[in-house]
Protein chains: 2
Amino acid sequence: MTIHHQPGRERIDAVRGFNRFYTRQIGLLDEGLLKSAFSLTEARVLYELAHRDGLTATDLACDLGLDPGYLSRLLKKFEERGLVERVATQADARRSSIALTPAGRAAFAPLNQGSHDQVAALLDRLSAPEQDRLVKAMQTVQRLLGESAEPRVPYMLRSLQVGDIGWIIHRQGLLYAQEYGWDETYEALVAEILGAFVKSYDPKWERSWIAEREGEVVGSVFLVRQSDAVAKLRLLYVEPSARGLGIGRRLVEECIGFARAKGYKKLTLWTNDVLTSARRIYEAAGFKLANQERHHAFGKDLVGQNWNLEL
Amino acid sequence: MTIHHQPGRERIDAVRGFNRFYTRQIGLLDEGLLKSAFSLTEARVLYELAHRDGLTATDLACDLGLDPGYLSRLLKKFEERGLVERVATQADARRSSIALTPAGRAAFAPLNQGSHDQVAALLDRLSAPEQDRLVKAMQTVQRLLGESAEPRVPYMLRSLQVGDIGWIIHRQGLLYAQEYGWDETYEALVAEILGAFVKSYDPKWERSWIAEREGEVVGSVFLVRQSDAVAKLRLLYVEPSARGLGIGRRLVEECIGFARAKGYKKLTLWTNDVLTSARRIYEAAGFKLANQERHHAFGKDLVGQNWNLEL
DNA sequence: ACTGATACTTGACTAAGTCAACTAAATGGT
DNA sequence: ACCATTTAGTTGACTTAGTCAAGTATCAGT
């Protein structure tokens with residue numbers, strides 16, 4: 001199912017502007033290669049061969065968008081120069097799998113180094129955090145435009161590191177402001193909760209789980225001790241970009257498992273009724289609505305809810 | 001002064017991967033143009049002419065990275081076909097400024113529309129928030145790789161927005177961990193201070209300043225009320241990437257000015273002796289060291305200092 | 001065994017781009 | 001005012017990179 005959105009002029013223009021910009025950028029980078037004995041296309045072919053095994057001519061033509069005839073001649077020339085070897089695949093005699101010879105690797109090495117150095121020089125003009133942002137932005141573009149049927153790396157859970165709580169405060173603050181119009185007092189509440197969590201952290205009775213995917217925090221939850229018998233689940237959140245992967249449910253399950261293992265009798269949590277997807281997770285996990293009441297907070301009229309789970 | 005960072009293999013590889021990816025991406029988009037009467041380069045030239053006035057041949061050759069000879073012939077062909085007009089500039093008889101004729105605009109229109117539609121189709125495969133992220137990421141790449149070096153916009157000061165305090169907590173936590181090895185309890189302290197600041201914020205007596213450059217937070221400071229007579233300066237910080245621009249000094253000056261204007265008698269602050277560059281700013285602003293004492297915090301043995309400024 | 005597809009290969013092209021040599025005008029130093 | 005240099009653009013003589021269509025050998029399905 002595809003939803004239609006009418007992309008909007010500005011976005012289209014922005015993307016076209018970027019395409020023009022990057023066309024030029026790639027042109028600049030390719031000029032560097034021009035000095036070598038290989039053309040840009042030859043270099044691209046060598047790169048693919050150097051980094052992937054068992055490629056056939058069709059694979060190459062398809063991946064690089066080349067004309068099969070052109071590629072055929074190109075490979076022939078490489079073979080004559082002793083840079084590649086072709087062996088017919090046993091499964092299909094029409095195809096042959098192409099590999100660089102040691103001589104081919106030797107010819108590719110300076111090319112590769114040149115490209116490497118050029119990019120290194122480009123990056124070197126930026127500060128470390130800028131480099132980081134650049135790489136992240138490029139990965140975002142690539143992920144979004146790449147074969148949308150991505151083999152989406154799943155996520156992993158880890159414990160709290162320095163920088164996490166600030167990040168989580170930042171993201172939750174922005175997210176709830178965007179999605180529900182909450183004001184800065186929500187962000188402040190998150191800051192107070194997490195500041196206190198770390199300050200009075202008791203590893204024996206408390207824990208946090210951070211969901212990370214491709215190096216980015218995409219969700220988190222905290223479990224704090226209220227009394228010997230009662231644990232409280234706090235600040236569950238999942239990034240919009242990572243929703244639908246079961247991360248929310250998993251985080252809640254981890255909490256429940258931990259609470260059971262520690263011998264708590266009850267797990268409780270406080271939420272607001274507008275947070276429907278979170279509520280669905282709590283219901284599915286067996287939480288029961290204990291009570292609710294109207295209140296005014298975060299610049300909105302809300303309905304606060306307490307949910308409990310007997311362990 | 002440029003600091004060298006040793007870009008790091010992964011970043012370089014990521015950028016090179018993106019270059020290969022986008023080379024292919026542009027190749028795909030250009031195939032669409034191939035059906036038209038114009039080559040890719042011709043289309044690029046037409047685009048520039050359609051969107052900018054008073055271009056000369058040299059401008060075009062330079063901006064698009066074209067060979068002057070090639071461009072000359074190309075423009076001649078356009079002129080013969082009645083698509084462009086050239087008029088010698090009055091300042092310099094060698095140059096002529098090139099413009100599309102109405103016929104040229106008419107020829108460009110379908111080309112432009114085709115490219116527009118193609119990008120629209122590309123975007124349409126994404127949801128609205130994904131489109132947004134794509135555009136943002138592209139703009140980030142463009143901003144960082146574009147003529148970033150020189151015209152560095154200075155910074156501007158603004159007041160607190162949603163997301164700021166989380167971001168500041170995040171950055172301060174990471175920064176002091178990297179630079180001084182402080183542990184997560186420092187980040188937690190910042191979280192508590194800022195949570196409380198927002199919660200009990202009194203706009204009449206308190207204020208915050210956020211330094212922003214190119215859309216990024218690069219520093220901040222907070223002024224809180226301690227009593228009718230005493231204001232406290234808290235959490236001054238400047239991003240390493242933005243140091244040396246006088247942002248720290250400026251932030252402190254803003255605090256002092258505000259405190260004076262509000263009629264405070266004294267401005268105080270607490271810091272640690274390891275933070276030497278901050279101390280230099282305080283000294284230069286007229287603060288005097290009131291007292292100091294050893295303490296153990298943030299996983300380190302430190303010397304805490306109180307500084308005062310009579311207003 | 002036959003049909004239609006796939007995986008290349010080859011021949012015949014042409015568009016696209018490069019390079020160096022050239023003219024004409026401007027700029028700068030004395 | 002003059003001459004050496006530089007800059008803007010042009011032209012001729014090339015190469016090369018890429019395209020297109022027609023071919024062969026092999027495979028997969030019936």
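In what follows, chains are A, B, ... by sequence order, proteins preceding strands, each numbered from 1.
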Whole angstrom value for the distance that separates [atom2] of [N] from [atom1] of [X]:
X: A:L66; N: D:dC20; atom1: CG; atom2: C1'; value: 16 Å
X: A:L55; N: C:dC8; atom1: CG; atom2: C1'; value: 15 Å
X: A:L60; N: C:dA7; atom1: CG; atom2: P; value: 13 Å

side-chain hydrogen bond (donor to acceptor under 3.5 Å, both in side chains) pairs, two or more places apart, involving residues 63-75 of chain A: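 Counting only pairs at least two positions apart or across chains, the side-chain hydrogen bond (donor to acceptor under 3.5 Å, both in side chains) contacts touching residues 63-75 of chain A are A:R52-A:D63.
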Go along nucleotides 21-29 of chain C 5' to 3' and tag each nucleotide: B for a protein heavy atom under 4.0 Å from its base, S when only backbone or sugar atoms are that close, - otherwise. ---BBS---
Will you find, in the side chains of A:N19 and A:R24, an N or O donor that is under 3.5 Å from an N or O acceptor?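 No.
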Applying salt bridge (charged side-chain N to carboxylate O under 4.0 Å, His left out), name anything that partners B:R158, two or more places apart in sequence or on another chain.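 Here the qualifying residues are B:D164, B:E212.
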At less than 4.0 Å, is any side-chain N or O atom of A:T58 found next to OP1 or OP2 of C:dT6? Yes or no.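 It does not, given that no N or O in the side chain of A:T58 lies less than 4.0 Å from OP1 or OP2 of C:dT6.
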For the pair A:E42 and A:K77, find out whether any cationic side-chain nitrogen is under 4.0 Å from an anionic carboxylate oxygen.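 Looking at A:E42 and A:K77, the cut-off is met.
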Identify whether the distance between the nearest side-chain nitrogen and carboxylate oxygen of A:E179 and A:R171 falls below 4.0 Å.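 A salt bridge is absent here (no side-chain N lies under 4.0 Å from a carboxylate O).
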With sequence neighbours left out, what residues match A:E85 under side chain to side chain donor-acceptor pair (under 3.5 Å)?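 By the side chain to side chain donor-acceptor pair (under 3.5 Å) rule, A:E85 matches no residue at all.
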Near DNA chain C, counting only heavy atoms under 4.0 Å, which residues of residues 39-49 of chain B show up?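 Output list: B:S39, B:T41.
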Which residues in residues 67-87 of chain B have a heavy atom closer than 4.0 Å to any atom of DNA chain D?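 Per residue number, the list reads B:P68, B:G69, B:S72, B:R73, B:K76, B:R86.
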